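Read the structure below first, then the notes.
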Amino acid sequence: DWASDWSSSDLRVKDRPLQQLIAEGRNALPLLTETLQKNSDPHVRLLTLTVLRQIKDPGRSTAIRKALHDDSLNVRLQALQAMGDLKDPQALPTLEQLIREGSPAEKRQAATALAQYPVSLVNQYTRTLLDQFGKPLDRFVEHALIYALRSEEHTSELQSQAYLVRRLLL
């Protein structure tokens, strides 16, 4: 079983199946998706996400999106990082939910991921989140949300919210 190699302390043994799976690309997606969903070891699921992030195929987005709901916080955080890289529009509702209800680490990583998306995709989510919070947030989350609204057309909106401008200038 290739996943058992990932438990080895020998880096050469651990790296070999990773490189083979990356080389297989799209053909490895079903196996990686199953491992991500069914393997009980969070370390193996993290390594699976590492491989999925390196396979350049649109099919990886579905598996990574599902990892946003993993039992392991570390797996969820890595999946959030991957969503920022992928800019998957289907993940936006989950990012919004995690910014509202996630752990502090999830809120920060989800806000960071949201800031990596093209402005045209995230304006509605970012403005809604800023309007609903209406009070100073965690500075990191607040900065990431402001950064997501970085287009010129929203400058006046940001300036009208004095606390945001003040926090941005800090």
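Just so you know, these numbers use all the heavy atoms, side chains as well, and skip hydrogens, waters and symmetry mates. Please read all numbers here as calculations on a predicted model, not as lab measurements.
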> Can you name the residues that form a side chain to side chain contact (heavy atoms under 4.5 Å, CB included) with Ala110, not counting sequence neighbours?
Replying inline: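 Scan of Ala110 (side chain to side chain contact (heavy atoms under 4.5 Å, CB included), adjacent residues dropped) gives Leu80, Leu95, Leu98, Ile99.
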>> Under the rule for side chain to side chain contact (heavy atoms under 4.5 Å, CB included), what residues qualify as partners of Gln97, not counting sequence neighbours?
In response: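 Partners of Gln97 under the side chain to side chain contact (heavy atoms under 4.5 Å, CB included) test: Glu101.
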Closest heavy-atom contact between [X] and [Y]?
| X | Y | answer |
| --- | --- | --- |
| Gly102 | Lys107 | O-CE, 3.1 Å |
| Leu77 | Ala105 | CD2-O, 3.6 Å |
| Ala67 | Leu36 | CB-CD2, 3.9 Å |
| Pro89 | Tyr117 | N-CE2, 4.1 Å |
| Ala91 | Leu68 | CB-CD1, 4.4 Å |
| Lys87 | Pro118 | CD-CD, 4.0 Å |

> For residues 75-84, which residue pairs qualify under salt bridge (charged side-chain N to carboxylate O under 4.0 Å, His left out), counting only residues two or more places apart or in two chains?
Replying inline: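 Qualifying pairs: Arg76-Glu106.
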> Could you give all pairs that pass the salt bridge (charged side-chain N to carboxylate O under 4.0 Å, His left out) test and reach residues 19-40, with sequence neighbours left out?
Replying inline: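 Sorted pair list: Arg26-Asp57.
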>> If we ignore hydrogens and angles and just use 3.5 Å, is the side chain of Arg60 paired with the main-chain N or O of Arg53 as donor and acceptor?
In response: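 Yes; judged by distance alone, with no hydrogens or angles, the pair exists.
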> Excluding sequence neighbours, so at least two apart, what forms side chain to side chain donor-acceptor pair (under 3.5 Å) with Gln90?
Replying inline: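 Applying side chain to side chain donor-acceptor pair (under 3.5 Å) to Gln90 gives Arg65.
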>> For Gln109, give me all partners under side chain to side chain donor-acceptor pair (under 3.5 Å), at least two apart in sequence or on another chain.
In response: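 Applying side chain to side chain donor-acceptor pair (under 3.5 Å) to Gln109 gives none.
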Is there a side-chain contact between [X] and [Y], using heavy atoms and a 4.5 Å cut-off?
| X | Y | value |
| --- | --- | --- |
| Arg45 | Gln78 | no |
| Thr33 | Thr48 | no |
| Leu49 | Leu32 | no |

Working to the nearest 0.5 angstrom, can you tell me the gap between [X] [atom1] and [Y] [atom2]?
| X | Y | atom1 | atom2 | value |
| --- | --- | --- | --- | --- |
| Leu52 | Ile22 | CG | CD1 | 9.5 Å |
| Met83 | Leu114 | CE | CG | 13.0 Å |
| Ile55 | Leu21 | CD1 | CG | 7.0 Å |
| Arg108 | Ser103 | CZ | OG | 10.5 Å |

